Amino acid sequence: MPKRDWLGLKHDLPPRRRFVLALCSFLLPLALWCAISYVPWLWHPLVHVTAPGDVDYFVEDMDVPRADFDAELEKVQAAGGTLPEGYRINPLYLPPPHRVARAFYTAFTTEPRLPNEPWLHESLAHSLRTIFWGFVISSIFGVPLGILCGTYRFFSRLQEPFIEFFRYLPAPAFGALCVAILGIDDGPKIAIIFIGTFFQQVLVISNTVRKVDPGLIEAAQTLGARGWKLLRRVVIPASVSDIYTDMRILLGWAWTYLIVAEVVGTMSGITYFINQQARYRNFDNVYAAIFMIGIIGFTTDLLLAWIGRVIFPWKRRSAAASGKGSLLGRIFNSRPKPAKAVEA
Amino acid sequence: MSAALDYRNLSPEVAARFERIRQRPVILSVRGLKKTYGVNGSTRTVFDGVSIDIRRREFITVIGPSGCGKSTFIRIIAGLDECSGGVALLDGREIGEPGPDRGMVFQGYTLFPWLTVKRNVMFGIEMRGKDKFTAESEARQWLDMVGLSKFEESYPHELSGGMKQRVAIARALANEPRILIMDEPFGALDAQTRAQMQSYLLQIWKKVDITVLFITHDLEEAAYLSDRIMVMGTNPGRIVEVIENPIPRPRSTAQFVSPEYLALKLRLEELIHPPIDVEEDKLPVVKLTKAGDDVE
């Protein structure tokens, strides 16, 4: 076999290279961040004053723009006074990687400043609870309705035009209304996630169900299946694994609504934590919290993808072959493919 | 053309066989079947005046150029499409919705990918209201018959194309239909597998009391499998001729050089591929650059 090119068009790369590239996709941005943080002549637009010298308004531990520092330095030099000293740093809002890494631990161990403020783990739990209920309530109504709309033209014509319209109404716009109706606690937050998820969910799922191979339905009909049995024994099993994939994508959308939902009413959850920390100018904690959302989302998806492969064994090969399936499935695609049976 | 090469000349055994078939009861009776559909206000006729009686345990192949409506014809018989006129009677009752009395094998693989091979075959049996235990033992028998018992716990995607179609046949037969409708079932298979499948099908047909209505566009397949060949034509779609297959049974590939086979094939070629009236002189002359002069 000829040696395959790294940049070959269209053909997939061997697993080892895929893994290396997946690793690089994380390492490259990290390397860039490290470079900007640790290489002093890259960017570093401020000067951290260690000794004010004869500049009147400089104080120790003060950050001044480099141009200002240089100008003052020249002035003092010309006047022959004590020179101010300092070193170049980045702005506070771009902490170096090691401080963010440390914040992953310290953010959990730091006691809240105010007595009624939640700890970080409490904030996270609150966020997870909100998203869980929003998504579950949406799914309880959205999944069956989506399946009905995808299966029967009647429901599709009856429901979809309105849903199509409603999904253009931005969920955050309902914030004030939700607070008025549901109070200032978790009710309106769950409602926002519901509004943001539900309408997309119905449309996405009905679309998936509509894509069920008509050949399968016809085959089932010629085998005597009809009505409810056709729905339960053919339409639903034929689409359930794709619905599952849809749900994973929708869960990702629900996360984006979480941040909006949490500022509605009393600010809560991880958004509250991020806001407070930004107010205290603990930007390392802010970054850590944002990355935590990413990590939770990413690992949830990884977990769901793995569960999907376990509960839908017939999808294993087709998903790998068509390159569909989760992002993670594609990145860490190392599962063994079942051997193809030979002609008996 | 000598008399021996006339496809209508049946040998005494073959003639006797057709005589016996004519004694059998009619399973499927089609009278003046018609299918039209509207396109932008005008009606297009897919086919019209299709009439045929198919008798018990007969093997009928339907052959015709694309566009003659042969697929639509059997989809109507299966109940998947509605006809626009005429009647089709199965055991004297007008056919309606798709049902287990008309088994169907499609060209595309329509096994349920989420079910194992065994559960696929059990599907129809369970739909008829039999309990799981009965369904399972019946499904096993049918899988035995198509020689796939070893694969009963496999999923369809683990099987080759030919094996999938064998499961599809087992699944259709498990419903004990009155008629087995096959829509170019081996069309997607490679030539070798197709030949193998044809011989499998004849073996199964010999063992099971089943009437087969088989669509194909392959002349050799039609000649090899059928008792009678229903040839359809286009514009409008109609039956051109119903040919009694002169090749004696049991069939084998050795017969592919027999006079009966050649006569039949010649006739089918005539019916299906009418001479194309393109005169060579009328084709545009394209002058090739350079090489053109010394190329004949």
Side-chain angles (χ1 to χ4, degrees), chain A residues 147 151-152 208-209 211-245 307-325 329 335-344, chain B residues 75 77-81 97-117 119-129 146-151 154-164 166 168 171-172 174-175 177 180-181 183 189-190 192-193 196:
Chain A
I147 291 173
T151 312
Y152 301 106
T208 296
V209 173
K211 270 189 273 183
V212 168
D213 179 4
L216 293 179
I217 293 171
E218 288 181 348
Q221 284 176 318
T222 63
L223 291 167
R226 55 169 52 83
W228 165 241
K229 273 188 180 169
L230 196 59
L231 184 67
R232 194 173 66 86
R233 298 287 302 267
V234 182
V235 176
I236 292 176
S239 53
V240 70
S241 74
D242 288 337
I243 290 177
Y244 185 83
T245 310
I307 293 171
R309 284 201 298 277
V310 172
I311 56 181
F312 308 122
W314 69 90
K315 274 280 165 181
R316 270 177 219 167
R317 198 188 66 128
S318 40
S322 65
K324 277 198 302 191
R335 58 187 178 271
K337 293 174 187 176
K340 197 175 156 73
V342 286
E343 185 74 29
Chain B
R75 284 177 62 83
I77 304 299
L80 296 170
D81 278 346
E97 300 232 304
D101 51 351
R102 285 150 289 149
M104 181 121 178
V105 178
F106 300 81
Q107 175 177 6
Y109 307 124
T110 54
L111 296 183
F112 304 124
W114 60 92
L115 296 178
T116 60
V117 164
R119 300 297 301 260
N120 259 286
V121 179
M122 284 165 67
F123 184 90
I125 310 173
E126 285 181 279
M127 282 299 132
R128 283 183 296 146
V146 296
L148 288 176
S149 325
K150 268 192 295 182
F151 294 92
S154 302
Y155 282 98
H157 71 74
E158 297 167 283
L159 305 181
S160 69
M163 290 157 82
K164 279 185 210 171
R166 271 147 73 192
R171 184 177 69 171
N175 258 346
L180 180 65
I181 303 168
D183 187 1
L189 304 176
D190 62 89
Q192 198 189 343
T193 314
Q196 214 173 26

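The chains referred to below are lettered A, B, ... by the order of the sequence lines, with proteins before strands, and numbering in each begins at 1. These numbers were taken from a predicted model, which means no experiment stands behind them.
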Heavy-atom closest pair, residues B:Arg171 and A:Ala219 = NH2-CB, 3.6 Å
Within-4.5 Å side-chain heavy-atom neighbours: B:Pro113 and A:Leu216 | yes
In Å and rounded to the nearest 0.5 Å, what is the CD to CG distance from A:Glu218 to B:Asp81?
-> 7.5 Å
Can you say whether B:Arg75 sits under 4.5 Å from chain A via the side chain, the backbone, both, or neither, judging by heavy atoms?
-> side chain
Answer yes or no: is there a side-chain heavy-atom contact under 4.5 Å between B:Glu97 and A:Gln221?
-> no
Do you know which of B:Phe106, B:Trp114, B:Tyr109 has the most heavy-atom pairs with chain A at a distance under 4.5 angstrom?
-> B:Trp114
Distance, nearest 0.5 Å, that separates CG of A:Leu230 from CE of B:Met127 = 8.0 Å
Interatomic distance, CH2@A:Trp314 vs OH@B:Tyr155, rounded to 0.5 Å, equals 7.0 Å
Give, as side chain, backbone, both or neither, the part of A:Arg226 having an atom under 4.5 angstrom from any heavy atom of chain B.
-> side chain
Nearest atoms (heavy-atom pairs only) where A:Gly224 meets B:Pro100 = CA-CD, 3.8 Å
Give, as side chain, backbone, both or neither, the part of A:Val240 having an atom under 4.5 angstrom from any heavy atom of chain B.
-> neither
Begin with the C-alpha distance, continue with both residues' side-chain angles, and end with the deciding distance and a verdict on side-chain contact (heavy atoms from CB on, under 4.5 Å) for A:Asp213 and B:Phe112.
-> CA-CA 10 Å; A:Asp213 179 4; B:Phe112 304 124; over 6 Å; no
Verify, without hydrogens or angle tests, whether B:Arg102 (side chain) and A:Leu223 (backbone) share a donor-acceptor contact under 3.5 angstrom.
-> no
Between B:Leu115 and chain A, which part of the residue has a heavy atom less than 4.5 Å away: side chain, backbone, both or neither?
-> neither
Rounded to the nearest 0.5 Å, how far apart are CD1 of A:Ile217 and CG of B:Leu80?
-> 11.5 Å
